[in-house]
Colleague: 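My structure is below; once you've seen it, I'll send some questions.
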Amino acid sequence: MKKFLDDIHSSADIKKLNIPELEVLAGEIRQFLINNISKSGGHLSSNLGTVELTLALHKVFDFSADKIVWDVGHQSYTHKIITGRKDSFDSLRQQDGISGFPKTEENAADAFNTGHSSTSISAALGFAKAFELQGIDASSVAVIGDGALTGGMAFEAMNHAGSSSAPLIVVLNDNGMSISQNVGGLSDYLEKLSSRSEYISLKVKINNFLKNLPFWGEPFRKFIHKSKHILKKILLQKKLFENFGLEYLGPIDGHDLGELVAILSYAKTLKYPVIVHAVTQKGKGYTPSEADPSYFHGVNSFDPDTGMLQDSKSPTYSDIFGRELLKLAKDNPKIVAVTAAMPDGTGLSEFAKRFPDRFFDTGIAEQHAVTFSAALAKGGLTPVFAVYSTFLQRGYDQILHDVALQNLHAIFAIDRAGATGSDGETHQGIYDLSYLSHIPNMTIMAPANEAELRQMLRLAVNDCTGPVAIRYPKGTADRSVYGDTPVEYGKGALLGEDGDILIVAIGTAVKDAVCAAKLLSEKNISAKVMNARFLKPFDSVLFKKAAKYCRLVAVIEDNVEIGGLAAAIRKEYGGEVLGFAFPDVPLMQGTVPQQKLRAGLTPEQIANKISEVLGE
């Protein structure tokens with residue numbers, strides 16, 4: 001039986017289909033997504049929830065002229081499928097394959113590169129203004145999830161958009177997160193209106209009348225009560241956006257193609273800032289994902305029939321961090337945990353269950369989370385902010401201004417540090433050593449294995465003062481042993497006393513250094529390894545002792561070459577330093593081994609380069 005999807009080669013083909021045909025196509029796309037993501041991994045739930053919304057957008061708009069900006073962008077898979085990338089979809093998130101996020105270099109329909117949250121309204125407003133100033137008759141569309149509205153940048157953009165006459169359409173993909181929780185000021189205002197004496201008097205009279213009405217009185221009273229809350233939420237959302245100056249349309253069923261096409265067609269005619277509120281179901285059409293959309297938000301390969309993930313059972317660094325913090329918190333009531341909408345990904349889910357009063361999820365608001373942590377520390381607590389390296393970048397000013405300059409004891413547990421693989425250049429954690437190293441009062445350490453992570457976290461909580469950063473990678477924790485000296489503040493560890501080559505490494509690069517030293521020994525080149533453990537303060541005493549009489553010092557780090565460990569060593573060492581780090585270019589998607597191979601960071605490449613430099 002021929003499928004509609006077989007005939008979709010560009011978004012122009014969508015316009016040829018009527019609503020019933022688009023509904024059949026939506027089902028075909030869902031099955032296509034499940035079949036492909038079960039093999040490649042990727043973002044499943046969010047894409048299953050936006051199939052009809054995407055089809056409606058392409059039915060109404062022409063994105064060869066109009067512009068669409070996907071917030072975060074991980075929900076743009078259907079958009080990719082219908083814009084000429086269906087046949088290459090099996091290369092999703094793989095080296096030299098298509099990206100899991102919008103990329104302008106990949107297809108003209110991708111108007112703007114995105115990967116982080118809360119950026120779409122700003123970018124779409126920029127496009128709308130550009131159209132307006134140049135007299136171009138085109139529309140600019142931002143598709144933003146309700147979770148992204150917790151990011152302050154989205155509110156900054158709406159504030160600007162409301163004072164603009166630009167032809168901007170904001171599509172709010174509301175898949176279940178309550179907006180009202182994020183707008184307390186307006187909620188308080190509505191509560192005040194509901195507390196007036198006239199309102200209370202009328203409410204009491206109606207309640208009493210309905211209670212005394214036989215048979216249908218009580219059920220009708222409960223119906224009114226429930227309806228009031230639904231209406232109140234709708235009115236509050238309308239009030240929120242109209243207070244920003246955007247016309248509000250909705251809420252509408254985000255899976256009703258007829259309703260979506262009608263409302264988007266109307267929004268297109270308005271030619272001024274408007275918000276279309278579409279209610280969707282995350283994970284729609286696939287029972288395991290509907291039951292647990294968070295679990296299937298970003299997945300590795302899985303069995304499409306059962307939904308069972310094919311994950312390793314070995315603990316990850318995130319798991320180790322979460323378990324150790326839980327142990328420490330049991331004995332120390334001042335420890336509090338902070339996350340920016342990532343309790344599962346950062347290993348804090350169990351902490352949240354055990355200590356709900358000491359766990360804070362700020363939503364997608366890293367800037368707020370950092371300053372909030374600063375004040376928690378100033379107030380006498382010990383905050384541990386668990387955050388992905390790529391997202392901590394968003395709180396850079398707050399780290400410097402609010403934490404470091406006041407020398408506050410806030411701990412940054414930096415997950416996904418180093419190369420992270422298939423999510424591509426927007427999600428690589430290869431910059432944190434550089435952007436943290438020049439911040440005053442900051443302690444920076446990186447464990448080489450599971451045991452060091454446990455020790456470093458205990459050290460950070462119990463013995464450190466001022467801001468502390470502990471960075472560790474994505475994936476299974478390394479249980480190898482790299483020396484038996486315990487972690488001490490500002491102290492490295494020397495692995496081997498003899499060798500006329502010194503290899504200094506930090507974090508996961510220690511394993512590569514040990515492997516490279518072994519390969520060099522097979523070439524009759526003796527090398528010793530220094531596990532730096534700390535970038536700041538760096539153990540210069542141990543380094544100078546180990547580097548004395550060495551023919552060459554090599555430095556390995558899973559960070560960009562500018563501003564990292566090698567840069568710190570070059571400041572105080574007069575001899576030659578051969579650096580191995582990621583180059584000063586975006587780190588493209590692929591597996592971590594593939595990314596290291598491209599950057600010349602495998603043990604074999606390191607050993608060969610050292611022997612080449614030595615002329616042996």
Side-chain angles (χ1 to χ4, degrees), residues 4-5 8 10-30 47-71 75-76 78-79 81-83 109 111 120-121 124 127-128 131 137-146 158 161 166-176 179 230-231 233-235 237-242 244-282 284-285:
F4 286 110
L5 186 56
I8 302 299
S10 72
S11 58
D13 296 321
I14 299 298
K15 299 184 183 300
K16 302 173 185 176
L17 302 180
N18 59 33
I19 297 301
E21 290 170 335
L22 287 174
E23 289 171 346
V24 175
L25 176 61
E28 294 176 7
I29 289 175
R30 278 199 172 85
N47 283 287
L48 292 176
T50 55
V51 176
E52 288 88 358
L53 178 58
T54 306
L55 293 177
L57 285 164
H58 281 272
K59 177 74 172 173
V60 173
F61 297 96
D62 175 10
F63 291 119
S64 63
D66 300 322
K67 300 296 183 184
I68 185 168
V69 183
W70 298 90
D71 209 277
Q75 78 282 43
S76 62
T78 299
H79 168 81
I81 291 167
I82 62 178
T83 52
S120 63
I121 303 176
F127 280 125
F131 292 153
D137 184 17
S139 299
S140 179
V141 181
V143 182
I144 185 168
D146 52 347
M158 283 195 292
L168 171 69
I169 299 171
V170 178
V171 177
L172 171 60
N173 172 32
D174 179 358
N175 56 28
I179 297 174
I230 295 171
L231 182 62
K233 182 179 177 182
I234 294 172
L235 289 174
Q237 291 161 348
K238 179 179 175 68
K239 188 74 172 176
L240 164 65
F241 297 113
E242 290 185 348
F244 275 111
L246 282 72
E247 179 162 337
Y248 175 83
L249 304 176
I252 60 172
D253 183 350
H255 301 296
D256 186 326
L257 274 157
E259 191 174 6
L260 283 166
V261 169
I263 202 77
L264 289 171
S265 298
Y266 172 65
K268 184 179 179 181
T269 67
L270 296 180
K271 303 300 182 183
Y272 54 75
V274 59
I275 184 153
V276 177
H277 179 186
V279 179
T280 62
Q281 180 183 6
K282 197 171 183 180
K284 183 175 176 60

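Residue indices begin at 1 and follow the sequence shown.
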Colleague: Could you walk me through whether D137 and K271 pass the salt bridge (Lys or Arg N to Asp or Glu O under 4.0 Å) check?
Modeller: CA-CA 9 Å; D137 184 17; K271 303 300 182 183; 3.0 Å; yes
Colleague: Taking the side chain as everything from C-beta on, heavy atoms only, tell me whether L57 gets closer than 4.5 Å to L53.
Modeller: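 A side-chain contact exists here, since the closest heavy-atom pair is under 4.5 Å.
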Colleague: To the nearest 0.5 Å, what is the distance between CG on L55 and CG on L260?
Modeller: 9.5 Å
Colleague: Has the side chain of K67 got a donor or acceptor atom that lies under 3.5 Å from a matching backbone atom of A142?
Modeller: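 No: the side chain of K67 does not pair with the backbone of A142.
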Colleague: Could you state the interatomic distance from CZ (F4) to CD1 (I29), rounded to the nearest 0.5 Å?
Modeller: 12.0 Å
Colleague: Do L246 and V170 come close enough that some side-chain heavy atom pair is under 4.5 Å?
Modeller: yes
Colleague: Please find the pair of heavy atoms, one from F127 and one from S140, that lie closest to each other, and give the distance.
Modeller: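 Looking at all heavy atoms of both residues, the shortest contact is CB-OG, 3.5 Å.
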Colleague: Nearest 0.5 Å please: distance from the CG atom of L168 over to the OG atom of S139.
Modeller: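 It comes to 10.0 Å.
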Colleague: Quick one: closest heavy-atom pair of A109 and I68, and the distance?
Modeller: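 So the minimum-distance heavy-atom pair works out to O-CG2, 3.9 Å.
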Colleague: Tell me, do V143 and V69 make a side-chain contact under 4.5 Å, heavy atoms counted?
Modeller: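 Not in contact.
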Colleague: What are the two closest heavy atoms between F61 and L264, and how far apart are they?
Modeller: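 Nearest heavy atoms, F61 then L264: CZ-O, 4.2 Å.
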Colleague: Has the side chain of D13 got a donor or acceptor atom that lies under 3.5 Å from a matching backbone atom of S10?
Modeller: yes
Colleague: Looking only at atom types and distance, does a side-chain atom of K268 sit under 3.5 Å from a main-chain N or O of V60, one as donor and one as acceptor?
Modeller: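 Checked: pair present.
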Colleague: Where do L5 and I81 land on the side-chain contact (heavy atoms from CB on, under 4.5 Å) test, with the steps shown first?
Modeller: CA-CA 9 Å; L5 186 56; I81 291 167; 4.0 Å; yes
Colleague: Should L22 and K59 count as side-chain neighbours, where that means a heavy-atom distance under 4.5 Å?
Modeller: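 Touching, per the 4.5 Å side-chain cut-off.
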Colleague: Applying side-chain contact (heavy atoms from CB on, under 4.5 Å) between T50 and each of K284, Q75, K282, report the one that passes.
Modeller: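 It is Q75, the one option of K284, Q75, K282 that forms the side-chain contact (heavy atoms from CB on, under 4.5 Å) with T50.
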Colleague: Rounded at 0.5 Å granularity, tell me how far NE2 in H58 sits from OG1 in T78.
Modeller: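 Spacing of NE2 (H58) from OG1 (T78) equals 9.0 Å.
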Colleague: Evaluate the side-chain proximity of I169 to V276: yes if any heavy-atom separation is below 4.5 Å, no if none is.
Modeller: yes
Colleague: Checking T280 against N175 for the side chain to side chain donor-acceptor pair (under 3.5 Å) test, could you report, in this order, the C-alpha distance in whole Å, the side-chain angles of both residues, the deciding distance, and whether it holds?
Modeller: CA-CA 5 Å; T280 62; N175 56 28; 4.9 Å; no
Colleague: Where is the tightest heavy-atom contact between I19 and G258, given as atom of each residue plus distance?
Modeller: CG2-N, 3.9 Å
Colleague: With a 4.5 Å cut-off on side-chain heavy atoms, are I121 and D71 touching?
Modeller: no
Colleague: Using only atom types and a distance under 3.5 Å, with no angle test, would you say the side chain of S120 pairs donor to acceptor with the backbone of W70?
Modeller: no
Colleague: Where do A267 and V274 come nearest, in terms of heavy atoms and distance?
Modeller: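 Minimum heavy-atom contact is CB-CG1, 4.1 Å.
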Colleague: Contact between V141 and D66 at the side-chain level, heavy atoms closer than 4.5 Å - yes or no?
Modeller: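 V141 vs D66: side chains apart.
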Colleague: Measuring from atom CD1 of I8 to atom NZ of K16, what distance do you get when rounded to the nearest 0.5 angstrom?
Modeller: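 Those atoms lie 8.0 Å apart.
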Colleague: Quick one: CG on L249 to CG on L172, what's the gap to the nearest 0.5 Å?
Modeller: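 Separation between the atoms: 12.0 Å.
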Colleague: Go through the steps for E52 and R30 under the test salt bridge (Lys or Arg N to Asp or Glu O under 4.0 Å), then give the verdict.
Modeller: CA-CA 10 Å; E52 288 88 358; R30 278 199 172 85; 2.8 Å; yes
Colleague: Could you tell me which non-hydrogen atom of A138 sits nearest to which non-hydrogen atom of P167, and how far apart they are?
Modeller: O-CG, 3.9 Å
Colleague: Spell out, as yes or no, whether a donor-acceptor pair under 3.5 Å connects the side chain of E259 to the backbone of H255.
Modeller: no
Colleague: Would you say E242's side chain and E247's backbone share a donor-acceptor pair under 3.5 angstrom?
Modeller: no
